Amino acid sequence: MSQPSPVAQTFSFDDVVQAHARIAGAAHRTPVLTSSTADRLSGAQLFFKAENFQRMGAFKFRGAYNALSQFTPEQRRRGVVTFSSGNHAQGIALSAQLLGMPAVIVMPADAPAIKVAATRGYGAEVVFYDRYTEDREAIGQRLAEARGLTLIPPYDHPHVMAGQGTAAKELFEEVGALDTLLVPLGGGGLLSGCSVVARAMSPGCRVIGVEPEAGNDGQRSFRSGQIVHIDTPATIADGAQTQHLGQHTFPVIQRAVDDILTVSDAELVEAMKFLASRMKIVVEPTGCLAAALAFGPQLDLGGQRVGVLLSGGNVDLARFAALIQAAQP
Ligand SMILES: *Cc1c(COP(=O)(O)O)cnc(C)c1O
């Protein structure tokens, strides 16, 4: 493989510490939840970091705000553009609104209605594209050049990675050292940031990324040492339908993550049901990736202290109901 990107080589816990200072006061410090039923089910002591309670409903606000708050006055005046299937879009839109700058969001035409409405609700301009035939990155680049906007991608950017890592920093600050940390994985912004934090704050903690089974490009990349590209995977985890890891996120994941495992859509729905019925919280399918692994049979977590990142809660209630209904025996 070619040399890791310079960004990946220098990216460190210190970047996350600085990001945390930047987002303090803007981002919520989300609660850490526990459940004795979940502990019994897994045989472990589980600590759920509830980013479904983050502003705009997912951890993505952390990275977006950290990135936008570092714009120069000229960049602020012109604004930001991004491409996203949803939560990053809302994170950018809300951050732009809070920091008083224009935002343009390139979104797939079939993005969940709740995410489109929320993005517009934060005052952003939405430009649609067909995710099966068009290249969103190229559209984003074109808009950036044509209008002088600064492009902030959903995961492959050091300021985004650092911001996402603050979720794990808060978790370790609250509960202390852990034996295992389970983190949902799409393009790897969250996992790269959180893994660097785990290495610094809880040496010896095993860090595992969790992907949807249908889109296991991250696992294949991790095991082969090369970034694997796949077609848009068919999974209910719409926040993890990424086609490849990033040039910056991948090398960090290679050096700071222990393994990448997958869960099925059926396991995601089971986890979603459990979190709603037992813990009284709404977590979107992608947000259930880490929990589904903790509840399932793949890992022996017996007696361990385990961090479980619940990454977001943005799901149409009708879709939420339909997924649960379809899974009833
Ligand atoms: C974006 C997202 C992920 C995946 O994060 P990456 O940084 O792309 O790996 C996981 N869960 C939710 C809810 C998300 O919005």
Side-chain angles (χ1 to χ4, degrees), residues 11 16 30 48-64 66-67 82-94 107-108 111-112 114-115 118-119 136 152-168 182-197 207-212 215-219 221-222 227 233 235-246 248-250 252-253 256-257 260 262-263 268 271-272 275 281-293 308-315 320:
F11 183 71
V16 181
T30 53
F48 297 90
K49 178 65 170 168
E51 285 295 297
N52 52 312
F53 293 128
Q54 186 51 262
R55 286 188 84 164
M56 52 60 54
F59 72 91
K60 292 270 190 349
F61 179 74
R62 297 173 181 272
N66 184 48
T82 194
F83 45 86
S84 166
S85 62
N87 283 335
H88 176 67
Q90 289 180 67
I92 289 285
L94 174 57
M107 263 197 186
I114 186 177
K115 294 185 176 179
T119 304
R136 64 180 194 168
I152 298 294
Y155 53 86
D156 208 21
H157 189 292
H159 299 169
V160 173
M161 294 153 64
Q164 318 307 33
T166 61
L182 306 178
V183 182
L185 172 60
L190 182 62
L191 181 59
S192 59
C194 290
S195 61
V196 162
V197 170
V207 180
I208 297 178
V210 192
E211 273 184 321
N216 70 339
D217 60 291
Q219 183 181 56
S221 304
F222 188 76
I227 298 177
T235 169
I236 60 170
D238 53 84
Q241 282 182 310
T242 39
Q243 294 172 269
H244 55 85
L245 298 179
H248 305 312
T249 59
F250 179 55
V252 175
I253 287 169
V257 170
I260 295 174
T262 67
V263 295
L268 288 177
M272 210 165 75
L275 293 166
I281 54 174
V282 175
V283 182
E284 64 185 274
T286 318
C288 293
L289 283 163
L293 185 68
V308 179
L309 220 141
L310 303 177
S311 50
N314 290 327
V315 53
F320 184 82

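Small disclaimer: the values here were computed from a predicted structure and weren't measured. Note that ligands are numbered from 1 as they come in the structure, with each ligand's atoms numbered from 1 the same way.
- Checked options Ile208, Val257, Leu190, Val183; the residue passing with Ser195 is Val257 (criterion: side-chain contact (heavy atoms from CB on, under 4.5 Å)).
- Thr235 meets the side-chain hydrogen bond (donor to acceptor under 3.5 Å, both in side chains) test with Asp265; sequence neighbours excluded.
- Judged as a side chain to side chain contact (heavy atoms under 4.5 Å, CB included), and not counting sequence neighbours, the contacts of Thr242 are Tyr155.
- Residues forming a side-chain hydrogen bond (donor to acceptor under 3.5 Å, both in side chains) with Glu211 (at least two apart in sequence, or on another chain): none.
- Residues Glu284 and Gly57 share a closest heavy-atom pair of OE2-O, 4.5 Å.
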For ligand 1, which of its N or O atoms have a protein N or O partner closer than 3.5 Å, and how long is each gap?
{"residue": "ligand 1", "atom": "7 (O)", "partner": "Gly189", "partner atom": "N", "Å": "2.9"}
{"residue": "ligand 1", "atom": "7 (O)", "partner": "Leu190", "partner atom": "N", "Å": "2.9"}
{"residue": "ligand 1", "atom": "8 (O)", "partner": "Gly187", "partner atom": "N", "Å": "2.9"}
{"residue": "ligand 1", "atom": "9 (O)", "partner": "Gly186", "partner atom": "N", "Å": "2.7"}
{"residue": "ligand 1", "atom": "9 (O)", "partner": "Gly187", "partner atom": "N", "Å": "3.1"}
{"residue": "ligand 1", "atom": "9 (O)", "partner": "Gly188", "partner atom": "N", "Å": "2.7"}
{"residue": "ligand 1", "atom": "11 (N)", "partner": "Ser311", "partner atom": "OG", "Å": "2.6"}
{"residue": "ligand 1", "atom": "15 (O)", "partner": "Lys60", "partner atom": "NZ", "Å": "2.8"}
{"residue": "ligand 1", "atom": "15 (O)", "partner": "Asn87", "partner atom": "ND2", "Å": "2.8"}

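- Between Arg62 and Glu51, at least one side-chain N (NZ, or NE/NH1/NH2) sits under 4.0 Å from a carboxylate O, which counts as a salt bridge.
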